[in-house]
Amino acid sequence: MSHPLASGVLVYCRSGFEGEAAQELDTVAAHAGVAGFARTERGAGFAEFVLVEPMPAEALLQAIGWPRLVFARQAVAVLDQLKGLPREDRLTPLLAELPTDFAVADAWVESPDTDDGKALTAFCRSFGNALVQALKRDARLVRDSPWRLHALFPHGDRCFLAVAHTALCAPWPLGIPRLKFPRNAPSRSTLKLDEAIQVLLTPGERERWFKSGMTAVDLGAAPGGWTWQLVRRALHVTAVDNGPMQEELMAGGHVTHLREDGFRYQPKRRVDWMVCDMVEQPRRVAERMGEWLAEGWCQRSIFNLKLPMKKRYTEVQQAFERIHALVHRRGGQVELRAKQLYHDREEITVFARVLAEK
Ligand SMILES: C[S@@+](CC[C@H](N)C(=O)[O-])C[C@H]1O[C@@H](n2cnc3c(N)ncnc32)[C@H](O)[C@@H]1O
């Protein structure tokens, strides 16, 4: 069976952001005309959208999938939820729920990215090995299947059995790309920009849009973690910040440091990239980012929106609307992709590019 039926969508999110993830699922599903409701538990590290009627998993993931969700590190299509699994044999009941003649390329056993979930990591590893062996034995593991099986255990006796379509879902366990902190990078924030580039851009875009000799502006750059990532990709960077930049990074000769206000700075000529990590109200940041994009001062941008307020989902929507409106007013159109990354705490990271020139 190549078209499994799903009963819902399960998204993995940052603990504490389940409300935003659920609100987003409700909104995106309503736009896509998919009937159902979102539910979650605070601190669970996941939220679920329950369908009124089951539908093919692929169509569901196309309508409410990972690429279009901001507060989802991963989104998978739920086949079933198993409760009260016996400790002595959790494998047999799980295998019994798999649709017959359904093969997958791989199987991942996961637990939410929470303290409770972390306590299950060792179990997940050994159970994952057993599951893969069992699937091999039953000839259900087929390398070129577009499907991957996911078993998410919120508790030792409760499991969501789900499937991911490799073209529509995050390619990393728990939706978290494994990134190593580079030894000589100036700050831990460096991982945030690295993750944004991995998560928000395709491999082709990464290759085309980061070429030796390209130019970038980094607003709020000090001590230089984001600048370091751009320099690593052979870009020339103008770093705008009143604070000091790391000496080693400056010594490389690829960075010009300007002690100026990042909200007033304007480049003399268009740059390939503008990145911004200034800690400010999301409205103020959105306004300035919209201005940069509308005026064509940069081709593309990656910026953070800090979200310390209560109505975080609404705040994000308003910021996006404002950027669209500013660019539209100047005759352009902007594409926005955004995620709450693993390295984002109370914030999200946005990629923006202008699609049509004035
Ligand atoms: C979170 S830190 C940036 C860290 C940096 N991205 C890194 O990876 O090392 C925020 C920076 O924004 C700067 N900043 C805040 N408001 C600013 C403004 N109006 N103009 C320029 N820099 C500003 C602060 O001085 C601070 O260095």
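We count residues from 1, following the sequence as given. When a ligand or atom number is given, it counts from 1 through the structure's own listing order.
Residues V240 and D218 form no side-chain contact, since every pair of their non-hydrogen atoms from C-beta on lies 4.5 Å or further apart.
Contact annotation: for K192 versus ligand 1, there are no heavy atoms closer than 4.0 Å. Residue contacts with ligand 1 for P223 involve both N, CA, C or O and side-chain atoms from C-beta outward (heavy atoms, distance under 4.0 Å). In P186, neither the side chain nor the backbone holds a heavy atom less than 4.0 Å from any atom of ligand 1.
A cation-pi contact, defined as under 6.0 Å to the ring centre and within 45° of the axis, links R188 to F181. R270 forms no cation-pi arrangement with W297, by the criterion of a distance under 6.0 Å to the ring centre and an angle within 45° of the ring axis. Figure legend: R39 and F49 shown without cation-pi pairing, the cationic atom not lying both under 6.0 angstrom from the six-membered ring centre and within 45 degrees of its axis.
In terms of protein heavy atoms, atom 6 (N) of ligand 1 is closest to D277 OD2, 2.8 Å. Protein heavy atom nearest atom 19 (N) of ligand 1, with residue, atom name and distance: D261 OD1, 2.9 Å. Protein heavy atom in closest approach to atom 21 (C) of ligand 1: G262 N, 3.3 Å. In this structure, atom 12 (O) of ligand 1 lies nearest to the protein heavy atom G220 CA, 3.4 Å. Regarding atom 16 (N) of ligand 1, its nearest protein heavy-atom neighbour is M278 SD, 4.1 Å. Nearest non-hydrogen protein atom to atom 26 (C) of ligand 1 is D241 OD2, 3.4 Å.
Remark: the H150 side chain and the E110 side chain contain an N/O donor-acceptor pair separated by less than 3.5 Å. Side-chain contact check for R233 and Q229: at least one donor-acceptor pair (N or O, by modelled atom type) lies under 3.5 Å. Checked by atom type, the side-chain pair D89/T92 shows a donor-acceptor distance below 3.5 Å.
Any N or O atom pair closer than 3.5 Å counts here, and F263 shares no such pair with ligand 1.
At least one heavy atom of G224 sits less than 4.0 Å from an atom of ligand 1. For the pair E260 and ligand 1, a heavy-atom separation below 4.0 Å is found.
Remark: the backbone N or O of H343 is paired with a side-chain donor or acceptor of E195 at under 3.5 angstrom.
Close approach of ligand 1 to S187 (heavy-atom distance below 4.0 Å) involves ligand atoms 7 (C), 8 (O), 9 (O). Heavy-atom contacts of S189 reach the following atoms of ligand 1: 7 (C), 8 (O) (cutoff under 4.0 Å). Which parts of ligand 1 touch W226 is read off a 4.0 Å heavy-atom cut-off, strictly below it: atoms 6 (N), 7 (C), 8 (O). Ligand-side atoms of ligand 1 in range of G225: 7 (C), 8 (O), 9 (O), range being under 4.0 angstrom from any heavy atom.
Applying the 6.0 Å contact sphere to CZ of R158 captures more than 12 heavy atoms from other residues, nucleotides or ligands.
Across E347, E20, E18, a single residue satisfies salt bridge (Lys or Arg N to Asp or Glu O under 4.0 Å) together with R312, and that is E20.
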